[in-house]
*Asks:* 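First the structure, which I've put down as structure tokens, then a few questions once you've had a look.
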Amino acid sequence: MLNLLQNNTSLLLCTILLLVMSILMAIVITVQYRRLRSLKASHVKLSIVLNNKEEVEKKLAAEEARFQSMFEDSPDPTWIIDNHQFTLCNSAAVQILGYPSKEALDNTHPSKLSPEFQPDGEASYAKAERMMHLADERGLHRFEWIHTRLDGSNFPAEVTLSRMTMKGRQVIYCVWRDISERKEMERKEIENQQLLTAIIENAAALVYVCDINSKLILCNQQFEKAVGYPRSEILGKVRTNFLPAEIAHEHYQNDLQVLRSKCTSSFEETNLETDGLHTYLTIKNPLYSDKGEAWAVIGISTDITARKRSENEGKLAATVFRHIADGIIITDIDATIISVNQAFSRITGYAYDETYGQKPSMLQSERQDKAFYEAMWHQILENGMWQGEIWNRRKNGEIFPAWQTITSVKNEAGETTNYVSVFSDITEVKQSQERLERLAHYDALTELPNRVLFKDRVSQALEHARRHHTKLAIVLFDLDGFKTVNDSLGHPIGDRLLQLVAQRLSQCMRAEDTVSRLGGDEFAVLITELNSGDDAIQAAHKILQASQEPYHVNDHAVMVTSSVGISIFPDDTEDGNDLIRNADAAMYEAKAKGRNTYCFYQAEMTVKAQQRLSAERDLRRAIEQKEFEVWYQPQIDLSSQRFLGAEALIRWRDPLRGLIPPLEFIPLAEQNGMILPIGEFVLHQVCADFKEWQAAQLNAKRLSVNVAGPQFYRSDIVATIKDCLSEYQIPAGMLEIEVTETFMMENPQEIKDILLAIQELGVTIAIDDFGTGYSSLAYLRELPIDTLKIDRAFIRDIPSNNKGIAIVRAILALGSSMGFNVVAEGVETQEQSDFLQAEGCRKGQGYYFAKPMPKAEFTRWLQNHEG
Ligand SMILES: Nc1nc2c(ncn2[C@@H]2O[C@@H]3COP(=O)(O)O[C@H]4[C@@H](O)[C@H](n5cnc6c(=O)[nH]c(N)nc65)O[C@@H]4COP(=O)(O)O[C@H]3[C@H]2O)c(=O)[nH]1
């Protein structure tokens with residue numbers, strides 16, 4: 001077994017050995033086979049390579065030949081640069097650089113082929129090195145270069161360097177092209193661009209482009225100026241950013257019109273600029289994109305403001321020429337008429353055709369002599385203008401005054417080309433001037449010289465008198481009672497009376513004497529060449545005489561007298577104004593002397609006149625400052641001593657002079673009209689006081705108030721009384737008005753209606769100072785009188801004076817027979833009171849019973865005398 005086993009193992013080993021050996025053999029065989037196969041492949045490859053190399057070499061040779069021919073035949077100059085050296089160049093290079101042969105070019109040092117510096121300032125050599133370095137780095141580099149030809153001229157070239165291997169060496173293939181033409185074109189294009197920009201920028205017009213949305217794309221500097229913004233702020237912005245909204249809208253609308261119509265159009269556009277509104281004539285043109293779509297509008301705006309203005313001015317001038325009311329003549333340089341306007345024809349009567357070719361002298365009148373026209377032309381030629389008054393003649397021969405201006409018209413060279421004469425017919429102006437002159441110097445009512453002219457004549461006469469040592473007199477007078485006539489008969493009668501006085505006066509004075517109305521009823525006569533005071537007296541007599549003759553005015557026979565004042569030069573004063581003032585003072589003296597007389601000036605009269613003036617001033621102030629008081633004096637029943645009522649009496653409490661009685665200021669107030677506010681004050685005060693007493697349960701019975709003449713004529717006394725009564729709500733029966741007998745009898749007819757109206761109100765009427773005014777029985781019967789107040793002058797005389805007693809008895813008898821109450825004024829003694837009572841007088845007023853009292857005192861008096 002063991003053998004077997006050993007045999008088997010040996011067999012196995014042998015088998016394994018055999019197997020291993022056969023594997024090894026297989027491996028060896030496989031390796032050998034593969035080697036053999038690889039060798040076989042390599043052999044095949046080698047033979048292919050050998051075959052290819054030939055082909056390649058053939059190809060290379062062909063390509064080299066092609067390259068050579070391409071290189072040589074290239075129209076672009078070409079160089080091969082090897083190690084920064086030109087090694088090869090083609091014929092184009094030789095030809096373009098102007099060299100005779102390749103050799104000549106090859107032998108040329110590269111520095112000769114370029115200027116020393118390139119346009120950018122870099123040295124050609126350095127730049128060439130840099131360019132080659134860049135080409136090395138990048139493989140390809142293109143740039144512009146300036147070459148120099150053999151003849152030394154330079155030209156621009158575009159050079160392309162590319163890296164390449166040639167025959168196993170790294171070389172630079174350099175090809176370049178003369179770009180002189182292109183450069184020239186570019187230069188021209190730039191030039192054109194610059195030209196265009198310069199044109200746009202320097203254009204007098206505004207040039208701009210706005211897109212379809214009104215956004216500004218381009219503008220020139222005129223545009224910047226016009227809109228007032230630099231373009232940096234407005235480019236890319238819509239118009240509303242730099243134009244007023246309305247204007248921007250207007251411009252945009254015009255753009256849209258152009259875009260819609262696709263046509264060039266012109267517009268008159270406006271723009272508000274710093275110096276005002278400008279008008280532009282804008283030509284707008286649509287701009288199209290490549291696709292043919294309109295995308296923007298180019299606008300070119302020319303400022304036509306000045307042209308417009310002058311056009312308007314021209315139109316205006318033409319309108320003025322046609323419609324002006326002044327006549328206009330236009331002549332040529334020879335003063336031949338070339339045009340006249342409608343007003344000329346209207347004023348002169350000459351039609352246009354009748355004037356053409358004529359001379360303006362066709363209007364000349366004989367009013368001005370040759371010298372006048374010579375002087376006129378002298379001035380026109382010297383100063384270019386003449387202006388003045390001239391007498392012209394109309395076609396119908398009528399002469400008229402004209403205010404004429406003749407102006408020479410000059411051209412830009414300063415040469416006179418035309419004359420323009422403008423004139424207006426001043427006939428009416430002259431007439432109204434004369435009227436004004438007359439109004440300024442003559443009294444419109446009497447046509448006598450007024451105060452201004454009178455003063456002028458006085459100063460002329462004074463000069464003459466001084467030179468010739470003569471005397472002159474001013475005789476001044478006014479009409480006594482004129483105010484009464486005026487007030488009672490009315491102003492028209494008063495005016496007529498003044499006219500008649502003026503006529504009479506002018507007739508009775510010498511022609512050389514100036515008779516003047518100074519104002520109101522005041523007249524003056526200037527008597528020159530006076531021999532003595534007697535001449536003035538004579539004039540005064542004439543005046544007095546003439547005045548007192550009755551005047552027949554309408555149906556009235558009016559009687560007035562005058563008071564005359566005389567002052568003489570040089571006796572009284574040497575000054576004209578003083579002379580008039582002195583005559584005035586003398587006139588007042590004549591009045592004071594009882595009127596209807598004359599008086600020569602004396603120095604002390606000035607003092608009186610000044611006093612009168614200052615009294616007036618004080619009185620005016622008293623009214624303003626309310627310095628008046630109303631006092632009351634009771635009226636008493638003589639038999640029972642009972643209180644019947646009181647008379648209201650005014651007092652003026654002057655802050656300096658103290659209490660002033662009415663007789664010191666009432667006459668002056670009556671003269672100057674101040675009695676109206678004073679009288680109204682008294683009425684109001686009396687009513688107010690009565691109301692107060694009434695409220696205090698005091699019975700003031702009846703209060704009488706003095707009413708002066710002017711209150712009847714110069715105010716509505718009835719309305720005043722009525723208003724007072726209703727304002728204070730007091731019975732009319734408490735009021736009585738006292739009117740002086742003198743006034744009442746001088747104007748019975750005129751005041752009758754007023755008195756009746758007053759009576760109708762329920763107010764009673766008393767005649768004051770009765771016995772002094774020569775009452776007519778007829779009037780006493782007609783007038784609505786309730787009471788007669790016997791003037792205290794008659795009471796004073798009783799019972800000692802028979803005349804006084806007789807008058808009192810007569811008044812009492814009259815009163816009783818006519819049914820009037822009678823009140824005795826100024827009863828100072830018991831004797832008087834007793835007498836009056838015995839004679840049948842039932843009422844009295846006077847110091848004997850009580851003096852006038854201020855309100856407070858009278859209130860107390862009332863409290864003690866009630867019932
Ligand atoms: N010697 C004397 N005198 C007596 C006596 N009793 C009264 N009198 C004074 O006689 C004047 C009477 O007033 P008349 O005659 O209306 O005279 C008044 C009147 O005409 C006027 N008057 C006074 N107040 C006013 C007024 O308010 N308006 C107007 N228009 N005139 C007035 O002034 C004149 C003077 O007034 P009066 O100075 O207040 O003077 C008052 C009065 O004080 C007496 O026994 N003896």
Side-chain angles (χ1 to χ4, degrees), residues 487 619 622-623 626-636 638 644-653 658-689 703-715 717 720-721 724 735-744 751 765-773 787-798 804 811 822-833 835-836 841 843-855 857-858 861:
D487 288 346
L619 197 56
I623 295 170
K626 300 189 169 53
E627 291 171 6
F628 297 106
E629 296 174 7
V630 177
W631 288 32
Y632 296 92
Q633 185 179 33
Q635 291 172 351
I636 301 296
L638 295 180
L644 298 172
E647 180 180 2
L649 295 160
I650 194 166
R651 298 289 180 268
W652 172 9
R653 194 174 290 279
L659 209 59
I660 301 173
L663 289 177
E664 280 186 35
F665 64 89
I666 292 290
L668 181 64
E670 283 184 14
Q671 268 175 36
N672 61 22
M674 291 185 205
I675 192 66
L676 303 182
I678 294 174
E680 207 164 307
F681 157 76
V682 175
L683 261 172
H684 272 265
Q685 191 61 50
V686 166
C687 292
D689 289 348
L703 300 176
S704 46
V705 173
N706 290 282
V707 177
Q711 288 178 268
F712 283 91
Y713 298 114
R714 298 196 204 165
S715 72
I717 184 70
T720 310
I721 295 172
C724 257
L735 188 65
E736 181 167 69
I737 60 155
E738 292 188 16
V739 186
T740 63
E741 184 191 26
T742 318
F743 175 71
M744 208 183 268
I751 66 163
I765 296 158
I767 303 188
D768 203 6
D769 306 336
F770 195 79
T772 57
T787 306
L788 305 180
K789 290 188 83 178
I790 308 172
D791 190 76
R792 67 174 185 272
F794 306 120
I795 307 299
R796 193 177 51 215
D797 293 342
I798 57 168
I811 295 172
V822 179
V823 179
E825 272 191 315
V827 181
E828 291 187 353
T829 62
Q830 188 176 353
E831 213 182 355
Q832 288 167 342
S833 173
F835 174 82
L836 286 164
C841 180
K843 297 175 183 176
Q845 175 185 344
Y847 294 170
Y848 173 63
F849 308 108
K851 285 194 169 181
M853 291 169 266
K855 182 183 163 190
E857 194 182 330
F858 181 64
W861 192 94

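Counting convention: from 1, in listed order, for ligands and their atoms alike. It should be emphasised that the depicted structure is a prediction, and the values quoted were computed from it without experimental measurement.
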*Asks:* Which protein residues come within less than 4.0 angstrom of ligand 1, counting heavy atoms only?
*Replies:* Q633, E647, L649, I650, R651, P662, L663, V682, N706, A708, E738, D768, D769, R792, E825, G826, V827, E828, G846, Y847, P852
*Asks:* Report the distance from atom SG of C841 to atom CD1 of I795, rounding to the nearest 0.5 Å.
*Replies:* 6.5 Å
*Asks:* Could you tell me which residues satisfy side chain to side chain donor-acceptor pair (under 3.5 Å) with E627, sequence neighbours excluded, listed by chain and number?
*Replies:* R621, W652
*Asks:* Considering residues at least two apart in sequence or located in another chain, which fulfil the side chain to side chain donor-acceptor pair (under 3.5 Å) criterion with T829?
*Replies:* Q832
*Asks:* Just how far is it from atom CD1 of I737 to atom CD1 of I767, taken to the nearest 0.5 Å?
*Replies:* 11.0 Å
*Asks:* Run the side chain to side chain donor-acceptor pair (under 3.5 Å) test against Q685 and tell me which residues pass, sequence neighbours left out.
*Replies:* D689
*Asks:* Would you mind telling me which of Q845, Q635, Q633 makes a side chain to side chain donor-acceptor pair (under 3.5 Å) with E647?
*Replies:* Q845
